[in-house]
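The structure appears below as structure tokens.
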Amino acid sequence: MDAVKARTPIGLITGSLGSGKTTLLRKILGQPDRRYAVLMNEFGELPIDSEVIRGTNVEIAELVGGCVCCSLTGELEAAVEEILDRVHPEYILLEATGIAEADALVLEVEEKISRVRLDSVVCIVDTDTSIRFPSVGYAGRSQLRAADIVLINKIDLVTEAEIEKVVAQVREFNPDAAVLKTVRCAADVCVLFGLAVENRVREIPVHGEGTFGSFAHAASTLFDESRFRKAVSMFPPSVFRAKGFVRFHDGGRLFNYVAGRAEFEEFPAERTELVFIGPKVEGDREAIEGLLRSCEVR
């Protein structure tokens with residue numbers, strides 16, 4: 001198999017000041033599964049283990065486990081390129097400021113930075129603050145609308161009725177995002193930022209969400225691309241995330257799907273291997289696999 005390097009995935013974390021962005025970053029960095037680079041406007045509360053390396057557009061410092069923390073000092077596009085060239089991360093986490101316009105950040109990542117692909121946009125909502133100050137400003141609306149996943153965080157500080165009031169408010173701005181209710185951002189990293197796809201797909205059990213599950217599907221036959229794209233549009237709501245490899249007659253593709261957004265990237269694959277994650281997705285496994293079998297070229 002030819003050595004083809006896929007674009008580096010980048011996850012965007014948004015939310016107001018104090019909503020839990022740093023808590024989530026600490027949780028992600030505690031996973032020993034890959035080399036992360038965290039890009040933020042300034043070094044925050046993350047533990048820095050070594051001296052800062054000053055670059056042209058970014059300052060870089062090592063974190064635990066081989067990960068790095070990067071403070072933005074120049075333009076985002078140039079900073080990401082510098083990170084890719086200097087530290088070669090497997091995944092980039094971009095923490096936006098509390099007043100960032102998320103839609104503009106999404107557009108910049110998707111349209112201007114060709115060496116990365118947008119993986120997930122996660123917005124963290126401080127439930128307690130939302131109850132006490134229910135007005136949502138322009139930045140907050142932008143962050144909610146751009147989100148694939150919304151964490152309704154700090155639910156331990158409010159009542160069940162107040163939680164549902166915040167969920168309803170989120171739904172006003174984004175009816176399609178996956179909404180997870182959390183304490184200290186305790187959401188499964190596999191759900192938030194996908195699976196590690198390297199030389200093959202591996203099924204990873206999803207824990208911590210209660211109703212989230214996963215299953216894997218493999219096929220040695222070729223898929224018809226137009227039929228597969230149609231099948232993707234017909235995935236049931238239980239499919240929140242899907243990832244893996246698909247083989248078409250003109251070659252393989254790396255396939256990424258999150259919250260209805262699908263991407264295809266040329267990548268060598270010996271056979272089709274896919275993993276599906278979502279709320280009670282195992283219940284729809286038969287229907288999903290029926291859709292996949294309809295794509296096979298006999």
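The main-chain N or O of Leu222 is never found under 3.5 Å from a side-chain atom of Arg271 such that the two would form a donor-acceptor pair. Checked by atom type and distance alone, the side chain of Arg86 never pairs as donor or acceptor with a backbone atom of Glu81 at under 3.5 Å. No donor-acceptor pair under 3.5 Å is formed between the side chain of Asn57 and the backbone N or O of Thr73. Checked by atom type and distance alone, the side chain of Glu162 pairs as donor or acceptor with a backbone atom of Thr159 at under 3.5 Å. Counting only distance, with no hydrogens or angles, the side chain of Arg261 and the backbone of Asp119 share a donor-acceptor pair below 3.5 Å. Side-chain N or O atoms of Arg141 include one that pairs as donor or acceptor with a backbone N or O of Val136 at under 3.5 Å. Not a single donor-acceptor pair under 3.5 Å links the side chain of Arg285 to the backbone N or O of Ser214. With Arg171 contributing its side chain and Asn174 its backbone, the two residues share a donor-acceptor pair below 3.5 Å. Between the side chain of Asn256 and the backbone N or O of Glu263, no donor-acceptor pair lies under 3.5 Å.
Using a 4.0 Å cut-off between charged side-chain N and carboxylate O, Glu273 and Lys243 make no salt bridge. Ion pair Asp250/Arg253 flagged as a salt bridge, since at least one NZ, NE, NH1 or NH2 atom sits closer than 4.0 Å to an Asp/Glu carboxylate oxygen. At a threshold of 4.0 Å, the pair Arg227-Glu296 does not count as salt-bridged, since none of the basic side-chain nitrogens sits closer than that to a carboxylate oxygen.
For the atom pair CD of Glu95 and CG of Leu72, the computed distance is 12.0 Å after rounding to the nearest 0.5 Å. Taking CG of Leu254 as the start and CZ of Arg7 as the end, the distance is 8.5 Å to the nearest 0.5 Å. With rounding to the nearest 0.5 Å, the separation of CZ in Arg115 from CD1 in Ile113 is 10.5 Å. The CG atom of Asp148 lies 5.5 Å from the OG atom of Ser120; values are rounded to the nearest 0.5 Å. Rounded to the nearest 0.5 Å, atoms OG (Ser16) and CD1 (Ile124) are 9.0 Å apart. Atom CG of Asp188 is separated from atom CD1 of Ile277 by 7.5 Å, given to the nearest 0.5 angstrom.
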Query raised in the report: What's the verdict on side chain to side chain contact (heavy atoms under 4.5 Å, CB included) for Leu25 and Leu93, showing C-alpha distance, side-chain angles and the deciding distance?
Result: CA-CA 8 Å; Leu25 283 172; Leu93 291 159; 4.0 Å; yes
- request: Give the intermediate values and the outcome of side chain to side chain contact (heavy atoms under 4.5 Å, CB included) for residues Ile28 and Ile13.
  value: CA-CA 12 Å; Ile28 296 167; Ile13 301 174; 4.2 Å; yes
Residues Ile288, Phe215; criterion side chain to side chain contact (heavy atoms under 4.5 Å, CB included); working and verdict: CA-CA 11 Å; Ile288 296 165; Phe215 72 88; 4.0 Å; yes
*Might you work through the side chain to side chain contact (heavy atoms under 4.5 Å, CB included) test for Thr221 and Val297, ending with a clear yes or no?*
CA-CA 7 Å; Thr221 55; Val297 178; over 6 Å; no
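Closest of all the heavy-atom pairs between Arg247 and Thr272 is N-OG1, 3.1 Å. Contact detail for Gln143 and Ala102: the closest heavy-atom pair is CA-CB, 3.7 Å. For the residue pair Arg184 and Thr23, the shortest heavy atom distance occurs at O-CG2, 3.5 Å. Here the shortest heavy-atom pairing between Glu286 and Arg293 reads O-NH2, 4.3 Å. Of all heavy-atom pairs spanning Cys67 and Arg34, the tightest one is SG-O, 4.0 Å. Nearest heavy-atom pair, Ser130 versus Gln169, reported as atom, atom and distance to 0.1 Å: CB-OE1, 4.3 Å.
Close placement of the Tyr91 and Phe193 rings is indicated, their centers lying within 6.0 Å of each other.
Clustering ILVMFWY residues whenever any of their side-chain heavy atoms sit less than 4.5 angstrom apart, transitively, puts Phe248 in the very cluster that holds Leu292. A continuous path of hydrophobic side-chain contacts links Val183 to Ile163 [ILVMFWY only; heavy atoms under 4.5 Å]. Side-chain heavy atoms closer than 4.5 Å link hydrophobic residues (I, L, V, M, F, W, Y) into clusters, and following such links, possibly through other members, connects Ile155 to Leu144. Transitive grouping of hydrophobic side chains (ILVMFWY, heavy atoms separated by less than 4.5 Å) brings Leu118 and Leu84 into a common cluster.
Val122 places none of its side-chain heavy atoms less than 4.5 Å from the side chain of Thr14.
Only one option out of Phe255, Tyr257, Phe223, Phe245 pairs with Phe264 in a ring pair (Phe, Tyr, Trp, His ring centres under 6.0 Å); it is Phe255. Here the options are Asp126, Thr182, Thr129, the test is side chain to side chain donor-acceptor pair (under 3.5 Å), and the partner is Lys154; only Asp126 passes.
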